[in-house]
Amino acid sequence: MTEESNIKKKFQYERGQYDDDHVFEEELDMIKSIREACKDLFDESRWPVTDRFILVFLIARKHDLTRTEKMLRDHFAWREKWGFRSFDENPKLEEVSHALARNGQQLHAGSIHDKQGRKLLYKFSAKLLPSDVEDPRELVKYVLWSVDHGIKKEKLFFWRQGVTVVQDMKDFGMKHMSFKNADSFKNLHDVMPFRPQAILIINAGIILPILLKVGKAFIRGKILRRIKTVSEAELQDYIDPEHLLDCYQGGMFKFDQAEWYDRTVKKEKRREEKKRLKQAQTEPLPDKFGHEKKKKSKKVKQAELEASQ
């Protein structure tokens, strides 16, 4: 067994063995090492990176410190390349194209998973036309929002297990095909911590071989080898009925992407308002001469009171 296999086995576990957000002691040491190696990168004013953020990248690079550091540096360089120079400039969900985020092309359906405990991602190819994303920056905003939201909201267990993608190609045809911006997202998995472990393609037509042939220029070989074509009925071999969408045979899971979108946008707005109010409460106050003076902490006030007595 290789060293990489030993490390992978060391930090993976069956669901229920630990809490879904369990962090191993050795991982805490690794996070410290990454912080030290990337101290020139993690500028608190621009990139106030959390331990959880670092850990997700460690998991994506199988806990290899050198590879994790490289991925993080490439990740932030990629953000800046597209004009996002700090976490404060991160796109909000309402700023993401409706065609990508609200119309159900890809479902953000909570912690549903396949039989191996992998996060499930349903994608509907025919719900997106090239005209919906003529500007590649729209795709960038969607990718950035997805990864930032996932790191904050998804349990670490699902980052450890990886993702199973169900790609439904029903009604997908030539009008949906475009490779205009494909080169902009070449090797995206080198800068993002997404870990597709299986890609199940259903309702595949005669156009699939063309896509796979072109995909070889943009997608790593090991990802292409994880693609399987299955029937709708065969999805039950991989996914339990309660996690299988009700539009498929035997599926019981119902999900309204538009309702999820509207609810999530409202939550983001509330968080932003709370953040704005908190910042307003800590801003320096002007004195009688119009100069700014900082609010004194309780400790400072108590010390001044004791000194005056």
Side-chain angles (χ1 to χ4, degrees), residues 8 60 99-101 103-130 132-133 139 142-143 146-147 150 154 158-190 192-255 257:
K8 182 178 179 181
L100 289 166
N103 296 351
Q105 183 265 340
Q106 177 171 303
L107 298 187
H108 290 270
S111 297
I112 56 170
H113 53 83
D114 68 4
K115 290 183 178 181
Q116 295 191 53
R118 296 169 181 158
K119 167 81 176 174
L120 269 175
L121 194 61
Y122 289 99
K123 296 170 71 74
F124 298 87
S125 303
K127 287 193 175 184
L128 191 68
L129 292 168
D132 294 326
V133 285
L139 281 169
Y142 186 51
V143 169
S146 297
V147 72
E154 296 293 347
F158 294 112
W159 286 104
R160 295 183 193 279
Q161 296 297 101
V163 176
T164 289
V165 179
V166 178
Q167 187 89 38
D168 192 335
M169 297 189 67
K170 185 178 181 180
D171 299 326
F172 184 86
M174 292 299 294
K175 67 179 181 179
H176 299 96
M177 292 180 63
S178 173
F179 304 104
K180 179 181 176 182
N181 298 318
D183 199 49
S184 299
F185 300 93
K186 187 177 181 179
N187 298 326
L188 187 62
H189 292 290
D190 290 336
M192 291 294 169
F194 301 123
R195 299 178 61 234
Q197 299 300 298
I199 301 169
L200 307 177
I201 297 182
I202 57 175
N203 299 312
I206 58 174
I207 208 165
L208 181 61
I210 300 173
L211 291 175
L212 293 178
K213 186 175 181 179
V214 174
K216 290 180 181 178
F218 304 100
I219 305 171
R220 281 185 290 173
K222 72 175 185 179
I223 302 296
L224 288 171
R225 289 191 291 274
R226 292 169 184 170
I227 294 175
K228 295 180 182 178
T229 55
V230 299
S231 68
E232 288 191 14
E234 289 173 327
L235 284 176
Q236 295 183 63
D237 295 338
Y238 303 90
I239 305 165
D240 289 323
E242 59 268 27
H243 297 289
L244 185 62
L245 281 178
D246 61 349
C247 60
Y248 300 125
Q249 181 180 330
M252 298 163 53
F253 183 73
K254 295 183 179 181
F255 187 76
Q257 178 76 358

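Contact check for Phe194 versus His189: side-chain heavy atoms found under the 4.5 Å cut-off. Looking only at side-chain heavy atoms (C-beta outward), Leu245 and Leu107 come within less than 4.5 Å of each other. For the pair Asp240/Lys115, a side-chain contact is recorded, criterion being any heavy-atom separation below 4.5 Å from C-beta on. Using a 4.5 Å cut-off on side-chain heavy atoms (C-beta onward), Leu120 and Phe158 make no contact. Asp114 has its side chain out of reach of His243: every pair of non-hydrogen atoms, C-beta onward, lies at least 4.5 Å apart.
Closest approach of Ala99 to Leu128, counting heavy atoms only: O-CD1, 3.8 Å. Closest of all the heavy-atom pairs between Gly250 and Leu244 is C-CD2, 4.3 Å.
Without hydrogens or angle criteria, Glu242 side chain to Met252 main chain gives no donor-acceptor distance under 3.5 Å.
For the atom pair NZ of Lys127 and NZ of Lys170, the computed distance is 11.0 Å after rounding to the nearest 0.5 Å. With rounding to the nearest 0.5 angstrom, the NZ atom of Lys123 is 3.5 Å from the CD atom of Gln106. Between the NZ atom in Lys222 and the CD atom in Gln197 there is a gap of 8.0 Å [rounded to 0.5 Å]. Taking NE2 from His113 and NZ from Lys119, the interatomic distance works out to 10.0 Å, rounded to the nearest 0.5 Å. Here OG1 of Thr229 is found 9.5 Å from CG of Leu200. Values are rounded to the nearest 0.5 Å. A distance of 13.5 Å separates CD1 of Ile201 from OG of Ser231, quoted to the nearest 0.5 Å.
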Discussion item. Run the side-chain contact (heavy atoms from CB on, under 4.5 Å) test on Asp168 and Tyr248 for me, step by step, so that the C-alpha distance in whole Å, both residues' side-chain angles and the decisive distance to 0.1 Å come before the verdict.
Written reply: CA-CA 11 Å; Asp168 192 335; Tyr248 300 125; 2.6 Å; yes
Item to complete: Please assess Phe255 against Ile112 for the test side-chain contact (heavy atoms from CB on, under 4.5 Å), listing each intermediate value before the final yes or no.
Response: CA-CA 11 Å; Phe255 187 76; Ile112 56 170; over 6 Å; no
Fill in: Ile239/Thr164 under side-chain contact (heavy atoms from CB on, under 4.5 Å): CA gap, chis, key distance, verdict
CA-CA 10 Å; Ile239 305 165; Thr164 289; 5.6 Å; no
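The salt bridge (Lys or Arg N to Asp or Glu O under 4.0 Å) test applied to Glu232 returns no partner, not counting sequence neighbours. In this structure, the side chain to side chain donor-acceptor pair (under 3.5 Å) partners of Gln167, at least two apart in sequence or on a different chain, are Ser125. In this view, Gln249 satisfies the side chain to side chain donor-acceptor pair (under 3.5 Å) rule with no residue, not counting sequence neighbours.
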